[in-house]
Amino acid sequence: MIYSKKILLLFLVLSVKLSVSAQVKLPALVGDNMVLQQNAKVNLWGWASPNEKINISLGWSNETVEITADAEGNWKTAFSTPNGSEKAYDITINASNKILLKNILIGEVWLCSGQSNMFFPVGREEGTWKTGVKNYEEEVKNASYPNIRLFTVALNAAQKPLEDVTGNWKVCSPETIKTFSAVAYFFGRDLYQKLNVPIGLISTSWGGTKAEAWTAQHILEDDVAFLPILQEDAKNEKIYQEKLEAYYLALTNEKIASAANAPKGQLKKPKKEPNKTSYVLYNAMLHPLVNYTIKGAIWYQGESNSGKAYLYRSLFPAMVKSWRDEWKQGEFPFYYVQITPHKGQNAEIREAQLMSLKTIPNSGMVVTTDVGDAQNIHPIDKQTVGYRLALLARAKTYGENKLVFSGPIFNTMKIKKQKAQLFFDYANSGLKKTGDVLKEFEIAGEDQIFYPADAKIDGKTIVVSSSKVKEPVAVRFAWKAVPEPNLFNNENLPASPFRTDNWMLTEKK
């Protein structure tokens with residue numbers, strides 16, 4: 001009789017385990033309060049028992065999707081979404097267990113990524129983020145937007161691609177916005193106010209990180225130009241392991257000395273920054289998201305790559321391509337921020353970002369020379385940055401064709417005797433300056449010695465000259481770590497820094 005009870009108990013335990021293992025599970029991105037991309041094919045996916053049958057009922061239609069998990073228990077299905085609206089829906093998933101997804105909106109979904117200036121939250125926090133954005137108290141107080149939904153991907157790094165992240169969708173409110181990305185929020189808020197459809201924002205960013213950490217491993221390994229990055233990673237890993245070995249040896253000696261009543265040392269275990277290594281953030285914080293249909297991406301990063309700005313010219317476009325290849329949504333919009341002036345930066349990284357406009361299809365760049373802070377690499381005016389990113393999306397993605405979305409971008413130069421005439425894109429309405437004279441222009445002759453230049457607005461062009469340069473060949477604008485330029489178009493958007501001696505776009509007359 002006792003033996004029979006043991007068998008019965010074992011049977012019950014096994015039944016419970018089988019029941020638990022058979023339950024359908026969803027990734028963190030698929031949950032209550034999420035926003036699904038409107039008028040698109042979107043995915044639901046997850047895990048179940050091998051070959052388990054799953055029925056999905058969509059709240060906005062009479063459609064029921066039936067799918068069977070594969071032999072490993074993975075499943076994914078795609079379905080169409082309607083126009084976005086403020087109406088909330090439920091999705092019901094029936095299998096060996098039942099899951100009810102509630103308060104789901106249909107609208108526009110944007111991925112928001114980068115390093116600390118994208119991570120920078122709206123509100124103040126103890127510790128790292130002591131400032132908050134400009135007027136943060138007012139911004140937090142007024143952040144009641146139930147049709148804007150926020151998802152923050154928890155910080156994580158991995159050597160191999162992961163299948164899930166940690167996080168959950170939250171309704172935008174004064175309570176939830178405090179710790180959310182400020183640039184992403186102001187971007188999404190401006191879009192919501194113009195488009196009048198729900199906005200979903202997925203923030204996946206980490207301070208102090210390089211572009212290679214956000215790039216797929218095979219992209220870095222397949223291009224010989226990027227192999228020095230991986231070699232440097234290997235070198236740093238070797239150095240870390242040597243320090244760790246020395247630490248444990250010293251710790252052993254200290255414990256032996258302590259046992260003999262000898263004085264203790266002051267040992268410190270070496271720290272490893274896992275987010276600094278190539279492709280680890282792509283694996284942990286991007287790859288798990290690729291099933292989720294998005295409209296586009298915004299990006300604020302570059303500070304950590306400024307030391308190798310010339311490599312960034314090819315690395316940054318390669319990173320974007322790796323994202324687009326894996327999302328399989330074609331060349332979705334990719335809008336990014338040119339990093340602000342700061343004493344620790346250089347002109348070459350801003351140039352690399354400017355050049356990427358020509359090498360990254362369907363892209364756009366926000367210039368921030370007028371909202372930087374020479375002493376603070378995290379300037380607090382994130383409202384302007386978000387607004388300008390939204391201008392790009394409104395004009396290039398959402399069809400506001402008459403909207404000017406960029407400040408003046410250098411196009412070409414003509415030499416006329418002792419003067420250089422500069423022509424710009426995005427200057428059709430004319431150019432203007434703040435203050436009495438145009439600043440930050442320099443001019444050089446064949447000797448490549450640059451002198452401060454006299455610069456004057458001539459219609460939609462700038463004419464530059466110097467008494468010290470009789471035969472000019474090159475002009476530079478705002479070419480320093482902390483420039484203070486004052487050239488704008490009539491839409492009050494600032495001109496990007498540039499140098500003509502790199503672009504070699506000259507025409508002599």
Side-chain angles (χ1 to χ4, degrees), residues 26-38 59-60 84-91 100-114 116-155 165-207 285 289 292 294-295 298 300 378 380-387 389-390 393:
L26 299 174
L29 263 179
V30 179
D32 295 346
N33 304 317
M34 66 180 172
V35 178
L36 297 175
Q37 178 61 41
Q38 67 175 336
W60 54 87
S85 72
E86 295 183 354
K87 184 176 181 180
Y89 299 100
D90 292 343
I91 294 177
L100 178 63
L101 301 176
K102 298 175 290 185
N103 196 26
I104 297 163
L105 295 176
I106 311 287
E108 295 294 298
V109 181
W110 285 81
L111 184 75
C112 315
S113 187
S116 53
N117 271 306
M118 181 61 81
F119 189 90
F120 193 105
V122 175
R124 289 182 61 176
E125 292 182 20
E126 293 299 325
T128 305
W129 307 106
K130 295 181 179 180
T131 58
V133 300
K134 182 176 68 175
N135 302 323
Y136 78 92
E137 290 176 323
E138 195 71 15
E139 294 290 7
V140 169
K141 178 183 176 182
N142 294 328
S144 295
Y145 291 97
N147 292 322
I148 297 178
R149 305 293 172 81
L150 317 170
F151 189 103
T152 299
V153 176
L155 304 182
V165 297
T166 299
N168 60 284
W169 285 97
K170 297 179 180 179
V171 177
C172 181
S173 69
E175 291 72 34
T176 60
I177 202 60
K178 291 178 183 177
T179 58
F180 191 73
S181 163
V183 167
Y185 167 62
F186 294 126
F187 165 78
R189 184 185 67 180
D190 286 357
L191 282 189
Y192 174 70
Q193 291 171 342
K194 294 296 180 181
L195 302 178
N196 199 30
V197 295
I199 302 293
L201 302 170
I202 303 170
S203 175
T204 179
S205 53
W206 195 335
M285 298 177 67
L289 314 178
Y292 205 87
I294 60 174
K295 187 66 173 184
I298 60 173
Y300 195 162
H378 304 122
I380 64 174
D381 183 359
K382 296 294 189 275
Q383 291 91 331
T384 298
V385 179
Y387 166 74
L389 284 165

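Here, residue 1 is the first one in the sequence, and each next residue gets the next number. Predicted model only: the values in this text are computed from it and were never measured.
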Given Ile91 and Leu36, is the side chain to side chain contact (heavy atoms under 4.5 Å, CB included) satisfied, shown in steps? CA-CA 12 Å; Ile91 294 177; Leu36 297 175; 4.3 Å; yes
Quick check: closest heavy atoms across Ile177 and Cys172, and the distance to 0.1 Å? CD1-SG, 4.0 Å
Rounded distance (nearest 0.5 Å) linking atom CD1 of Ile298 with atom OG of Ser203: 8.5 Å
Closest contact, heavy atoms only, Gln383 versus Val133: NE2-CG2, 4.1 Å
Check: Asn135 side chain, Glu138 main-chain N or O, donor-acceptor pair, under 3.5 Å: no
To check you understand the geometry: which heavy-atom pair defines the closest contact between Ser144 and Pro174, and what is its length? OG-CD, 3.4 Å
Working note: Lys382 + Val122, criterion side chain to side chain contact (heavy atoms under 4.5 Å, CB included); need CA distance, chi angles, decisive distance, verdict. CA-CA 9 Å; Lys382 296 294 189 275; Val122 175; over 6 Å; no
All heavy atoms of Asp90 vs all of Lys102, minimum pair found to be OD1-CA, 3.2 Å
Taking only residues two or more places apart in sequence or in another chain, which ones pass side-chain hydrogen bond (donor to acceptor under 3.5 Å, both in side chains) with Tyr292? none
For Asn33, give me all partners under side-chain hydrogen bond (donor to acceptor under 3.5 Å, both in side chains), at least two apart in sequence or on another chain. Asn103
Which residues pass the side chain to side chain contact (heavy atoms under 4.5 Å, CB included) test with Ser173, sequence neighbours left out? Glu175, Thr176
Under the rule for side chain to side chain contact (heavy atoms under 4.5 Å, CB included), what residues qualify as partners of Lys141, not counting sequence neighbours? none
Pairs satisfying salt bridge (Lys or Arg N to Asp or Glu O under 4.0 Å), at least one member in residues 180-206, at least two apart: Glu139-Arg189
So CD1 of Ile294 and CG of Leu201: to nearest 0.5 Å the spacing works out to 12.0 Å
According to ring-ring contact (aromatic ring centres under 6.0 Å, His included), who are the partners of Tyr89, at least two apart in sequence or on a separate chain? Trp60
Mark yes or no for whether Ser181, through its side chain, and Met118, through its backbone, hold a donor-acceptor pair below 3.5 Å. yes
Considering all heavy atoms, the nearest Leu289-Met285 contact: CD1-O, 3.2 Å
With sequence neighbours excluded, residues passing side chain to side chain contact (heavy atoms under 4.5 Å, CB included) with Asn168: Lys170
First locate atom CG of Leu26, then atom CE of Met34, and finally report the distance between them rounded to the nearest 0.5 Å. 8.0 Å
Which side-chain N or O atoms in residues 104-113 pair as donor and acceptor under 3.5 Å with protein atoms at least two apart or in another chain?
| from | atom 1 | to | atom 2 | distance (Å) |
| --- | --- | --- | --- | --- |
| Glu108 | OE1 | Gln37 | NE2 | 3.3 |
| Glu108 | OE1 | Tyr398 | OH | 2.5 |
| Glu108 | OE2 | Gln37 | NE2 | 2.9 |
| Glu108 | OE2 | Gln38 | NE2 | 2.7 |
| Trp110 | NE1 | Tyr398 | OH | 3.0 |
| Ser113 | OG | Thr204 | O | 2.7 |

Residues at least two apart in sequence or cross-chain that pass side-chain hydrogen bond (donor to acceptor under 3.5 Å, both in side chains) with Gln193, listed by chain then number, are Tyr145
With Phe151 via ring-ring contact (aromatic ring centres under 6.0 Å, His included) - residues at least two apart: Trp169
Determine whether Val183 and Leu389 satisfy the following criterion, side chain to side chain contact (heavy atoms under 4.5 Å, CB included), listing intermediate values before the conclusion. CA-CA 9 Å; Val183 167; Leu389 284 165; 3.6 Å; yes
Residues two or more places apart in sequence or in another chain: which of them pass side-chain hydrogen bond (donor to acceptor under 3.5 Å, both in side chains) with Tyr192? Asn147
Applying side chain to side chain contact (heavy atoms under 4.5 Å, CB included), can you list everything that pairs with Pro146, at least two apart in sequence or on another chain? Val171
Closest heavy-atom contact between Ala28 and Gly167? CB-O, 3.5 Å
